[in-house]
Amino acid sequence: MTSVQSAPTRPTVEFTSAMEQHRSFLLRLARTQLDEALAEDAVQETLLAAWTGSERFNGDSALRTWLVAILRFKIIDQIRARQRHRGVNHICSGDGMDSPDDPFEALFDEDGRWLEAPQDWHPDVAEDVARSQLVRLLEECMKRLPGPTSRVFLMREYLGFEPVEIAEQTGLAAGNVRVILYRARMSLRSCLALSVPMEPTNVQ
Amino acid sequence: MSNSGGMPPAHPSKQSGPDVPSSLTCRETTLIVSAARDAEVSGEELAALARHLETCERCQAARRQFTQLFQALDDLLARPPAP
């Protein structure tokens with residue numbers, strides 16, 4: 001993440017440039033919830049709000065964290081407006097949500113026991129470095145989630161909607177929302193397990 | 001859309017408190033860990049999870065993975081701390 005300690009009352013060129021570096025990540029988040037035009041608008045409004053309110057950025061958090069938090073409210077505003085104007089927006093099916101097969105069955109034996117022992121993700125580096133490395137890898141892994149899964153997952157994990165509200169917003173059954181959230185987390189765990197340097201383990 | 005997906009409920013053998021199974025499978029523990037991210041799970045489920053974790057090193061490692069995954073999600077998405 002870009003290191004920006006604080007912003008003066010009037011944003012500097014450096015501050016504006018640092019904000020722009022996060023535009024693509026913000027757009028990826030917004031596109032999971034909104035169509036292209038609205039996503040662009042939400043991100044533009046986020047950057048504008050950050051630019052005009054830069055004096056409120058005190059540097060305690062990373063600039064991206066601050067922008068992501070601002071964008072959260074812009075997206076929620078758009079979703080609420082969409083619901084007011086168009087009624088419940090039903091999510092498309094597909095994405096294997098209706099598949100009778102659980103793609104994670106293969107991780108377990110017939111008794112429900114892990115076939116392969118999960119291994120600790122403890123690269124031989126300092127904890128804060130390992131944590132930031134994990135965040136970078138997670139960002140990559142999240143790109144691989146199918147679109148509808150990503151939308152539901154981020155409604156929960158990013159926007160903070162309760163599962164019942166996700167069901168109302170998407171037209172999915174509440175049980176399907178739980179399935180999608182479970183599968184997304186299992187997918188991300190599996191993706192990270194393939195990406196993160198492992199610590200030798202004696203787990204049986 | 002029906003609740004399909006071939007996935008069992010988070011607590012397949014549980015109907016109410018006293019019926020929570022005393023032992024869980026590894027797979028069932030992943031369902032509970034995911035469900036706990038979205039809502040409070042029952043004390044019986046937590047107790048069953050704790051009993052399983054006491055003796056299952058694989059699930060201990062998986063639990064640590066999920067904890068790190070959730071921390072990374074909180075970092076990446078600037079998720080506000082839980083109340």
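Note on naming: letters A, B, ... go to the chains in the order of the sequence lines (proteins, then strands), and numbering restarts at 1 for each one.
More than 12 heavy atoms of other residues, nucleotides or ligands shown are found within 6.0 angstrom of CD on Glu36(A).
There is a side-chain donor-acceptor pair under 3.5 Å between Arg185(A) and Ser34(B). Under 3.5 Å, the side chains of Tyr158(A) and Thr32(A) contain no donor-acceptor pair of N or O atoms.
With a 4.5 angstrom heavy-atom cutoff, Leu115(A) touches chain B only via backbone atoms. Only the side chain of Glu162(A) comes within less than 4.5 Å of a heavy atom in chain B; its backbone stays farther off. Phe153(A) touches chain B through its side chain: at least one heavy atom from C-beta onward sits under 4.5 Å away, while N, CA, C and O do not. With a 4.5 Å cut-off on non-hydrogen atoms, Phe108(A) touches chain B through its side chain but not through its backbone. Contact of Leu29(A) with chain B is made through the side chain alone, with heavy-atom distances under 4.5 Å.
Here Ser132(A) pairs with Arg136(A) under the side-chain contact (heavy atoms from CB on, under 4.5 Å) rule; sequence neighbours left out.
In this structure a side-chain-to-backbone donor-acceptor pair under 3.5 Å is present from Glu28(B) to Thr25(B).
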For a quick test of your reading: what N or O donor-acceptor pairs under 3.5 Å do the side chains of residues 42-49 of chain A make, sequence neighbours left out?
from: Gln44(A); atom 1: OE1; to: Arg23(A); atom 2: NH1; distance (Å): 3.1
from: Gln44(A); atom 1: OE1; to: Arg23(A); atom 2: NH2; distance (Å): 3.2
from: Thr46(A); atom 1: OG1; to: Ala42(A); atom 2: O; distance (Å): 2.8

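Among the candidates Leu138(A), Val68(A), Leu154(A), Val177(A), the residue making the largest number of heavy-atom pairs closer than 4.5 Å to chain B is Leu138(A). Heavy-atom pairs under 4.5 Å with chain B peak, among Glu157(A), Arg189(A), Arg72(A), at Glu157(A).
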